[in-house]
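First comes the structure, then the notes that go with it.
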Amino acid sequence: MLSSAPHRPAILSNVPSVDIPQWREQSSLNERPDTTILDWLFDQGSLTRRLTRLSADHFSVTPLFEGWQPLRDDECLALELAPQSVGWVREVYLRGHGQPWVFARSVAARSALEQGGLNMDELGTRSLGELLFCDQAFTRRAIEACRYPAAWLPPENAQEGLWARRSPFDRGNLSLLVAEVFLPAMWQIACPHCKEQ
């Protein structure tokens, strides 16, 4: 059961407002990154499984924040919610060999979670993505990508222009929006020759 107890503020809750990034499907991207980057951004498979392979099974999840808070405008838009709707926010690092490779932020509306039977607060160090791929009741909508605002990243990785992707996963009335930001340490392993990472 998702707790209604107060939580510490999210890492990014007090940052200045930023322009909402232009999330776009692959056919609508304004710039064309390296083909390897495109492959990672728009791969339909499980990112957890792919990172596990890339790290030779040295993969782990580090929770950074979990709790209720007003969702960002771009998240409300994607989930068809009223602005400032309250949702459950889960922010984690997906790590390879102990290094942060991906910053992931998953959100869902309070009303949908209370009816949907998914206890996101009980995941701990388990991967939400793996859970979504194991539950065949979830369907994935289109993947969109953008250059992610630095202000939305944890301070130690607050770098402008990192590639990110997101997609909603639906099960009945429950929709989860999962965003994943690829950090430089991952590209050093996955695509050391790539430019504009």
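Everything numeric here is computed off the predicted structure, so don't read it as measured data.
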Roughly how far apart are [X] [atom1] and [Y] [atom2], rounded to 0.5 Å?
| X | Y | atom1 | atom2 | answer |
| --- | --- | --- | --- | --- |
| Ser106 | Leu176 | OG | CG | 7.0 Å |
| Asp57 | His97 | CG | NE2 | 9.5 Å |
| Leu71 | Leu77 | CG | CG | 12.0 Å |
| Leu174 | Met120 | CG | CE | 9.0 Å |

**Asked** Under 6.0 Å from the six-membered ring centre of Trp40 and within 45° of its axis: does the NZ or CZ of Arg50 meet both?
**Response** yes
**Asked** Is Arg110 positioned over the aromatic face of Trp88, cation under 6.0 angstrom from the ring centre and no more than 45 degrees off axis?
**Response** no
**Request:** Determine yes or no for a side-chain-to-main-chain donor-acceptor pair under 3.5 angstrom, with Thr52 supplying the side chain and Thr48 the backbone.
**Result:** yes
**Side-chain H-bond candidate by donor/acceptor type, Tyr93 with Glu156, under 3.5 Å** = yes
**Message:** We want to know whether Arg140 and Ser167 form a side-chain donor-acceptor pair, criterion being a heavy-atom distance below 3.5 angstrom.
**Reply:** yes
**Atom CD of Gln44: over 12 foreign heavy atoms under 6.0 Å** = yes
**Request:** With side chain to side chain contact (heavy atoms under 4.5 Å, CB included) as the test, would you mind laying out the steps for Leu47 and Leu94 before giving the verdict?
**Result:** CA-CA 10 Å; Leu47 181 61; Leu94 307 180; 4.1 Å; yes
**Prompt:** Are Arg24 and Glu144 close enough for a salt bridge, meaning some N to O gap below 4.0 Å?
**Reply:** no
**side-chain hydrogen bond (donor to acceptor under 3.5 Å, both in side chains) partner of Glu180, the single match among Arg165, Arg105, Arg166** = Arg165
**Message:** Is the distance from the ring center of Phe182 to that of Trp101 below 6.0 Å?
**Reply:** no
